[in-house]
Every structure is written in C-alpha cells, then in structure tokens.
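Since this is a predicted model, take the numbers as computed values, not measurements. Lettering of chains follows the sequences in order, A, B, ..., and the numbering in each one begins at 1.
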2 protein chains.
Amino acid sequence: MKKRPTILDVARHAGVSKSTVSLVLQNSTLVKETTREDVAKAIADLGYVYNRSAAGLRGAASGLIGLIINDLRNPFFTEFAASAQMTFAQKGYSTVIANTDEDPDIQAQVIDSMIEHDVSAFVISPSYGGDEQPFDRIRRAGIPTMQVLRQVDERTDLFPFASHDYKAGGVLATEHLIDLGCRNIVFVGGLEDRPITLERMSGYVETMGAHALVPSVFHGRPSRVFGREIALKFLDSHRQIDAAICFSDLVALGMLSGLAEVGIRVGEDFKIVGFDDIEESSLAYPRLSSVRCDTALFGKNAAEAMLAWIVDGERPPDTKRYGVELTKRQSSLGAG
Amino acid sequence: MKKRPTILDVARHAGVSKSTVSLVLQNSTLVKETTREDVAKAIADLGYVYNRSAAGLRGAASGLIGLIINDLRNPFFTEFAASAQMTFAQKGYSTVIANTDEDPDIQAQVIDSMIEHDVSAFVISPSYGGDEQPFDRIRRAGIPTMQVLRQVDERTDLFPFASHDYKAGGVLATEHLIDLGCRNIVFVGGLEDRPITLERMSGYVETMGAHALVPSVFHGRPSRVFGREIALKFLDSHRQIDAAICFSDLVALGMLSGLAEVGIRVGEDFKIVGFDDIEESSLAYPRLSSVRCDTALFGKNAAEAMLAWIVDGERPPDTKRYGVELTKRQSSLGAG
DNA sequence: CTGAAAGCGCTTACAG
DNA sequence: CTGAAAGCGCTTACAG
C-alpha cells in the first residue's frame, strides 16, 4: 500500500509552501484566489486526503460528535439519533454513536473511549443508575455536553438539558379523553420514580384532580410486551376502566395488540392515547392517537443547538422544552 | 481549562522514561510488572487520558470502525447496527455510524469523512445507485471493508460480502404455505430488479414452479405504507388470492393493519409470512409468521469477522451466507 | 527490561 | 498574501 500524499506533496505539486496549503484547507480568506485554485488542483491530482490525526495533535477540533443513546433499538430514540447524525453530517461533522442499552457501566466505558478520540462534543440521552457521576470525567475533559430527553445530572448549568414539554402533553391527552366522556382513565407504563415517568404522568394526575377524578397508574417497562400484558389483564379484572394514556406509543401498540386479541374494540369500547407519535402509530389499526413529540425535528434542533455552541460559542439555555401537540386518531375518536 | 497531562508527565510522576509509559499503554510484555504498576498508578493519579490523535500520527490504528447504513430507521437495520456497535465496543473499538437514507451522494460524503478520520475498517450496508463506484476511494485508502446485507460492488474479493441465505428462506415460506393448502400465493414488496428483491423472491418463484403453481409479484417499497395499500386493494380486485409472502416484516405488518381494517381475518381467510422476524412480529396481532434472520446475531458475527480481519489478518470469505429458519405463528397457522 | 532520539503530518505565530 | 520554523504527543527502532 503506497503512502498517502501529505500536505508537503501538495505544496510541491502546486508550487507553494505547506503553510499555504494548510490555509487553503481551512478556507482561510488570506489566500489569493488563483493560489487557492492551484492548490485545489494539486489536491485533486494527487488524491490527497486530509489527516485529522495530525491536525488534532496541533489542537484543531476533531469534528467528531459523541452521541450516546440509552436504547437505540427503540424507534423513538432511533429517529432522534438518525436525525441528529444527519444534521451533523450536513455540516461536515461525523458522529460516533453508542448504544448503552440502559447500562451505566457500558455508558462509562463509551464515554471514556470517546474522550480518547477527542470528540468535540457530547449529546447524551443517558442511562439511569451507576455509582459515580457519569459526567464527571467529561467535565474534567472540558467537552461541551448536552443532556437530551432525560436529565440525570442536575447540573444543567454545566450540561444543558433539552426535552419536550411532556407535562403539557399529559394535560392535552387527559382533557381530550374527558371531553369524549371517559371517566375511568388510567395511566399505563413507565418505570416508577423515573423523572421522565413523573413528567409524563404529572399532566394526567393534575388534570384528573382538576376534574375531581381519581388517577390510577400501572407502572411497568415502556415496551410492547408490557402493554400487551396489561391489556390482557383488563379483560378479567378492570372492566370499568374506559380509557388509557400510555407512557409511550410502544406500550400503546402493545395494548392495541392485546385488546384486539381479547376482542375489545379500541376507539369504541375503550380509548387509548399514546405518547411520542412514532411513525408506526399512524399506520396501526386502529390508528393511534398520540401526543406528538416531533422527534426528527427535535434531533435536528438539538444538533443545531450543539453546533451553535461549539462553532459560535452560543451556549444553550440550562433547560429547553420543545412544544408538543395531540394527534387525534381512531383509537380515541372511534372509527372515522 | 488546564492542559491535559501527557505521557511525559506520567513518565516523570512514575520515575520512568516516556518510552516505558508508551509500552505500558500498549500492554507490551516487555515491561516489568512492578514498573507497570507504578505507571498505572501515575496514570490514575494524574487523570491521564490517552491521546489517539498523536498515536494515529505515528501510524497506530485509530480503533474507529465506520458503520454505514442505508436506512437506520428500519428496525431490521437498527438491530443490526446496534448489535455490531456493541460488539465492537466490547473489544474497545468505537463506531462511527452514519445513516445514508438510501442516498448515494450522502454515502459518498460520509465515506470521505470517515476516511479522513482514519477509520480502521468499514462495515457497509450500502445504498444503491450513484454515478461512480462508491467503494473506489476506500480501495485507494486501503481500508478493510465488508459489504453486509446488500452487495452493490461485485468485487467481493476486495469487499467481502456477508448476508443471510434469503433464497432458502423463500423456499421455506412457500412450502409452508403450500403445505397449509394455499395455492394462490403472491409475493408482496421489494423494489424491482434489486439484488435483494431477486434473492428473496427466488426461493418463492422456484418453489411455486416446482409445484406447477404460478408466481405473481407485487413490487413496491419495503414499507408499512406499501403493505397497507396492497392489503386495502385485495378487497376489491383479487379475492382469489389466499396467501402472501412479504419482502419484509414491515410490509407484512402494514398488510396486517390494512386487512384488519377491511375485516379480513389473517390466519383464517388469508395467510401471511413475513421476512426478517423483527421483535415486533412476535407481538403483533395476529402474531406474524416470518423467515427468521437472527439480525442481532448477524451483527455480532459480522463485527467479529471484521475484528478477526483487522486484528489477526484473517480475511473473511468472499461471500458468506448465514442460515435462516421459519418461525410459524398465527398469521399462517391460524388462531392457536 | 529501559532510555534517548527521530519523526509522523499537520497548525500557528512570526517574519517578510 | 506567502514562507521558514517550532512543536503538538505519541511510537518505534536502536542502544544499552
């Protein structure tokens, strides 16, 4: 394998000094236009490839973004990650993605590894748990870091947090169901005591209270499997319940599957509203009503906020919540 | 922000030379055990972080794997990517992931960017199309590269290909449906003339022929939306059809949704077999029969094959196909 | 088993 | 607007 050409080869080929080539590479305005063209031609002729390791050694930014996701297989997070990655790519940044599978040890390991690779920034949807402050090593390394979707480190002055306004979503969903005449509304899914569960529940609990109705919560994993299990149980034990707000669309889709199996007609006998409005929800039967968090847009916004930070020095606010809306479909309205 | 300690600081702190520290960092067997411990302690004391840029400049491997995926939002590919990434992470490799969204221009761009970052290897599930040979720049850079799941470059001697034995899967699915008494079996989804479509169809076409039955294919995007559309059309025009083999589970799940909507009982009036056996398929109602390609295992296998290549120099075979099996569930067997 | 020295390919002041 | 020189933090022969 032939050695790759270096900046020095390019300089010789173009008849300039290597400093000049370096300036061209950085799009400096100091270089005369004709010189720039000569250099560009030399680069093309030689098939020169920029060596970021060498640049990194001299202090240049790596152009690498660390994106750490607690559950990459969940379509909600996949959508977020794909959107953020593509936004970064458009601006010339590469993204190192790691799935931590909710494991704080794996998370600690990938953080260390990414620090070694000198990532220019971290965007983290963190895992819960773990003994130490997971972000302390990042802080020591002085790398700009945003927490997204989940806040596990309370120091939002150091690690700004961005998410959706889940509480407002809970309010919208609950009022919608009450408007439709439901009174025995339950909240299904979400692990107990998790901040995100509390947020997504809070609007429901508050709105139920405001209407003198009694809230009731079935905690559990935010998965299809759990939704399905709960749905199968409704049959035996809680026939008076007439509606459910689900922690996530996955839970709601699981309930849809379970209720279909036991012959309960969703939209008629029983109403369901999900959370996230993932793509699949508009294609399910019956089509699922859901609190829409535009995740693709959120991923783009988060990536752009991070770029504004590392490129222009505009630090994001400590906490930023993006608005949500309620998408009403068959699962609450009934057959259209 | 204080400057990070370097190998020289560690050397001073441990009372050795920096060469020795470097050897310790590389787990060299040349270093005396007590010396190694001294160095390890100094590293911990100082909070030293290995600088991979500097190492890269001297020719060390970057420990970065480029993973390029044509459609990261599709759960089939998400599962593959997450599994491969976690396997690499376990061995200390970080993974740069890029979603190309089936766009060959984006693909070319991220390949260039990853080459600049000096990735040690590429694992690519490529996009179709584009003017130039997308892998030519990789070849010039001399980076080990595997094609997975889709073969777009015929030079498998340069870019080994690994996938599932889709043809065998098509045979299994078709024979299963014929055994159940179906005769008017169609194949639904998959873009025309794509190699992967041809592969997944081929077992179906062949088996139909062997039973003197006429194959019939409805080409289309491998999406829920397409599956749903086709299902809604069955109602009007093709009542004689009694079963479908779908290009992917996404198509099958779309059909399930559409058929539920028009009141056709899947498993009884109409039988469906999907392809991929994604997690959701076992939770759908009715539960979906599917050709199981163990994607998580495949991701792990592909990652390990790549590691064997770059670590031990064991090049994968030109073409490797992993076995598939048929998971029979309600959508073909009927209600259990 | 350990140390002194050269050099990887860039960027960055500093001259001119 | 361009060039000569130093140096970023490692690794790698080479001595010892």
Among all residues two or more places apart in sequence or in another chain, which pass the salt bridge (Lys or Arg N to Asp or Glu O under 4.0 Å) test with [X]?
X      : result
A:D153 : A:R155
A:R73  : A:D101, B:E79
A:D112 : A:R137

Closest non-hydrogen atoms of B:S120 and B:I310, given as atom of the first, atom of the second and distance, are O-CG2, 3.9 Å
Return the set of residues passing side-chain contact (heavy atoms from CB on, under 4.5 Å) with [X] (not counting sequence neighbours), or none when no residue passes.
X      : answer
A:E116 : B:V49, B:Y50, B:R52
A:D45  : A:H13, A:K41
A:D294 : A:R292, A:A296, A:L297
A:V24  : A:V31, A:R36, A:V39

- prompt: For DNA chain C, what residues of residues 36-47 of chain B have any heavy atom nearer than 4.0 Å?
  reply: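 The answer is none.
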5' to 3', nucleotides 6-13 of chain C under a 4.0 Å protein heavy-atom cut-off (B base, S sugar-phosphate only, - none) gives BBBBBBB-
Symbol by symbol from the 5' end, with Watson-Crick or G-U pairs under 3.5 Å, [ ] crossing and | another strand, DNA chain C is |||.||||||||.|||
### Message
Please tell me if B:T20 has a side-chain N or O lying less than 4.0 Å from either OP1 or OP2 of C:dG3.
### Response
yes
Please table the atom pairs, donor to acceptor, closer than 3.5 Å between any side-chain atom in residues 123-130 of chain B and protein atoms at least two apart or in another chain.
unit_1	atom_1	unit_2	atom_2	d
B:S125	OG	B:N70	OD1	2.7
B:S127	OG	B:T100	OG1	2.9

* **Pair listing, side chain to side chain donor-acceptor pair (under 3.5 Å) test, anchored in residues 18-27 of chain A, at least two apart** =>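 For residues 18-27 of chain A: A:S17-A:T20, A:S22-A:Q26.
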I need the CG-C1' distance between A:L30 and D:dG3, as an integer number of Å.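 About 13 Å, once rounded to whole Å.
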